[in-house]
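Each remark here refers to the structure printed beneath this line.
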Amino acid sequence: MDGLGSIVQKRIRDTLLLDTYGCLLTGKQRLACELAWFQDFSLAEIAEAIGISRQGVHDLISKARENMDNYDEKLALLSQQKKLKELAELVGKHRTEISPDVLSAFDKLFED
């Protein structure tokens with residue numbers, strides 16, 4: 001179960017990285033990752049769809065993951081998103097204890 005859990009955790013992290021930093025990848029890197037992680041395509045299926053070898057797909061995904069890890073190391077957006085989510089949950093849990101002015105300001109910060 002530990003091995004499966006780490007695979008699932010890695011997939012979750014990969015998809016979060018792609019959601020956050022995918023716009024910084026090349027078109028082919030982003031497409032290969034989306035097909036692999038969101039649509040569960042095999043390397044062979046991705047290779048056929050993109051028109052490159054399976055090794056080429058593997059290299060695209062590996063380089064994309066490396067780039068996104070580097071971006072996150074420098075920008076730390078994933079940890080910031082996690083902290084903001086925790087803050088929003090904490091405020092939601094204690095809404096009745098927080099002054100209306102503070103709640104209003106908080107709500108404005110989190111408007112879409």
Side-chain angles (χ1 to χ4, degrees):
M1 187 68 165
D2 189 32
L4 179 60
S6 68
I7 291 170
V8 170
Q9 287 300 105
K10 185 177 179 187
R11 178 59 64 94
I12 291 169
R13 178 168 166 71
D14 286 341
T15 57
L16 288 172
L17 284 170
L18 188 60
D19 282 344
T20 305
Y21 301 109
C23 61
L24 300 174
L25 300 176
T26 68
K28 277 191 177 182
Q29 286 175 334
R30 187 174 50 254
L31 178 59
C33 291
E34 287 173 350
L35 292 174
W37 300 334
F38 296 144
Q39 298 189 26
D40 206 27
F41 277 36
S42 69
L43 294 180
E45 292 169 321
I46 298 168
E48 185 177 326
I50 296 177
I52 61 174
S53 68
R54 287 183 307 199
Q55 182 62 46
V57 172
H58 179 271
D59 292 346
L60 276 176
I61 292 172
S62 295
K63 185 65 177 172
R65 184 180 285 127
E66 179 183 331
N67 288 343
M68 291 186 295
D69 281 334
N70 288 336
Y71 299 144
D72 197 54
E73 186 178 309
K74 290 174 178 65
L75 301 172
L77 295 178
L78 289 185
S79 66
Q80 292 300 319
Q81 288 173 351
K82 182 179 178 187
K83 289 176 185 177
L84 288 173
K85 182 180 177 189
E86 290 171 0
L87 177 61
E89 289 172 357
L90 184 63
V91 168
K93 197 179 217 181
H94 298 282
R95 278 188 95 73
T96 58
E97 304 164 32
I98 301 172
S99 77
D101 291 341
V102 172
L103 279 176
S104 177
F106 183 82
D107 289 340
K108 285 180 183 177
L109 286 173
F110 282 86
E111 285 178 351
D112 285 338

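Computed from a predicted structure; not experimentally measured.
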| task | Over all heavy atoms of both residues, which pair between R54 and A47 is shortest? Give the atoms and the distance, please. | result | N-CB, 3.8 Å
| query | Could you walk me through whether D69 and E66 pass the side-chain contact (heavy atoms from CB on, under 4.5 Å) check? | reply | CA-CA 5 Å; D69 281 334; E66 179 183 331; 5.8 Å; no
| task | Would you indicate whether the side-chain heavy atoms of I61 and D14 approach each other to under 4.5 Å? | result | no
| message | For L35 and E45: C-alpha separation, side-chain torsions, deciding distance, then whether side-chain contact (heavy atoms from CB on, under 4.5 Å) applies. | response | CA-CA 9 Å; L35 292 174; E45 292 169 321; over 6 Å; no
| field | Under 3.5 Å: donor-acceptor pair, side chain of S104, backbone of P100 | value | no
| note | To the nearest 0.5 Å, atom CD1 of I12 lies from atom CD1 of I7 at 12.0 Å
| query | Can you tell me how far CD of E34 sits from CD1 of I46, rounded to the nearest 0.5 angstrom? | reply | 10.5 Å
| request: Using a 4.5 Å cut-off on heavy atoms from C-beta on, say whether the side chain of D40 contacts that of R11. | output: yes
| task | Working to the nearest 0.5 Å, report the span between CG of L78 and CG of D19. | result | 9.5 Å
| Do T20 and M68 come within less than 4.5 Å of each other through their side chains, counting heavy atoms only? | no
| request: Determine whether R13 and D72 make a side-chain contact, defined as any pair of heavy atoms from C-beta on separated by less than 4.5 Å. | output: yes
| field | Joint hydrophobic cluster, L90 plus V102, side-chain heavy atoms closer than 4.5 Å | value | no
| query | Got a second to check how far S62's OG is from Q29's CD, nearest 0.5 Å? | reply | 10.5 Å
| L25 CG to L31 CG distance, which is reported to the nearest 0.5 Å | 11.0 Å
| task | Take E86 and K83 through the salt bridge (Lys or Arg N to Asp or Glu O under 4.0 Å) test and state the conclusion after the steps. | result | CA-CA 5 Å; E86 290 171 0; K83 289 176 185 177; over 6 Å; no
| said: Can you confirm whether E48 sits close enough to F41 that some side-chain heavy atom of one is under 4.5 Å from a side-chain heavy atom of the other? | reply: no
| If you measure from OG1 on T26 to NZ on K63, what distance do you get to the nearest 0.5 Å? | 10.5 Å
| For the side chain of Y21 and the backbone of L77, is there at least one donor-acceptor N/O pair under 3.5 Å apart? | yes
| said: Measuring only between side-chain heavy atoms, which start at C-beta, is I52 closer than 4.5 Å to L60? | reply: yes
| query | Should R95 and L103 count as side-chain neighbours, where that means a heavy-atom distance under 4.5 Å? | reply | yes
| field | Close side-chain approach of I98 and F106, heavy atoms under 4.5 Å | value | no
| query | Between T15 and W37, which heavy-atom pair has the shortest distance, and what is it? | reply | CG2-CB, 3.9 Å
